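Read through the structure below, which is laid out as structure tokens, and then see the notes.
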Amino acid sequence: MLPIRTFRLALSLLVALACAGALTGCQSGKLAPSDARPAVLLVLTNHADLGDTGEPTGFFLAEAAHPWHVFHDAGWIVVLASPKGGQAPIDPRSLENVDEESQRFLDKFARDGEDGMVVPGTARLTSMKASAFEAIFFAGGHGTMWDFPEGPGVRETAEGVYKSGGVVAAVCHGPAALVNLRGKGGKPLVAGRRVTGFTNAEEDAVELTDAMPFLLETRLRELGAEFVGAGNFEENVVVDGRMVTGQNPASARDTAQAVVRIAAEETDR
């Protein structure tokens, strides 16, 4: 008889096949109901417009590619998902000076779309059974600032993963997904927790402060989080229980590695 988490994962993946047309995020690309490996939702933004600037945006390539490789190499099943499902645009600025891991991710998952390079066929978050996953990982990119706070399934799925004992993780602008999460008594999930993310200083450095719908560091502080920032573009990963956050693209790999480590510790308890 299958473990309940494995059964739920199989059910989620079957729904994803119907909704997305293809399991582009599944590690093997095939449904494996008898597979008891850990599973993670790697969430990408659907948002492609950088505010009123007229410039394109999306998810930052390395912030999805490096975690994908970490999870893949650890033997995890990885499901690429997004709030709306379907296409996830890649921020063109993240396609400059592409490293080897990011190029392999592009070769495996991306294609040229009408308005730039995209990952097609991501699964809709609302089609996923949260308790089937050991972790949910929100990749960054400026697009997340528009659809992660209130996007379909973001809050419900992330809260579901956390309540079922899983890890909630995010990197760079990905912590925008955390701002509406609630814990016991309706209290913000980040309240009283040590977190990080793309800092106000880094937003100033890339000259996009005025383009943002809100400043991530400021919002997290307003919600009662203890924001822990490092210098501009320095690697910085903050772990607080089953919440893991990384500051910027340089932090993506270590953020994912922390998720794998914490999930293993939770399993051993």
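Since the structure is predicted, the reported quantities are computational estimates derived from the model, not experimental observations. In what follows, every heavy atom counts, from backbone to side chain, and hydrogens, waters and symmetry copies are set aside.
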> Name the one of Val171, Val43, Val161, Val167 that satisfies side-chain contact (heavy atoms from CB on, under 4.5 Å) with Phe137?
Replying inline: Val171
> So if you build clusters from Ile, Leu, Val, Met, Phe, Trp, Tyr with side-chain heavy-atom gaps below 4.5 Å, do Val98 and Val70 land together?
Replying inline: yes
> Any idea how Phe198 and His173 line up, ring-wise: parallel (<30°), tilted (30 to 60°), or perpendicular (>60°)?
Replying inline: tilted
> Does a donor on one side chain sit under 3.5 Å from an acceptor on the other, for Glu203 and His142?
Replying inline: yes
> So does Glu101 pair up with Arg253, basic N to acidic O under 4.0 Å?
Replying inline: yes
>> Could you work out, with side chain to side chain donor-acceptor pair (under 3.5 Å) as the rule, every residue matching Arg104, not counting sequence neighbours?
In response: Glu100
>> Would you call the rings of His72 and Trp68 parallel, tilted or perpendicular, taking 30° and 60° as the class edges?
In response: parallel
> Is a donor on one side and an acceptor on the other found under 3.5 Å between the side chain of Asn248 and the backbone of Glu234?
Replying inline: yes
> When you measure from the side chain of Asp91 to the backbone N and O of Phe60, does any donor-acceptor pair fall under 3.5 Å?
Replying inline: no
> Side chain of Arg193, backbone of Ala225: donor and acceptor closer than 3.5 Å?
Replying inline: no
> Does the Asp240 side chain pair with the main chain of Arg194, one donor and one acceptor, at a distance under 3.5 Å?
Replying inline: yes
> Quick one: does Asp254's side chain have a donor or acceptor within less than 3.5 Å of a partner on Asn236's backbone?
Replying inline: no
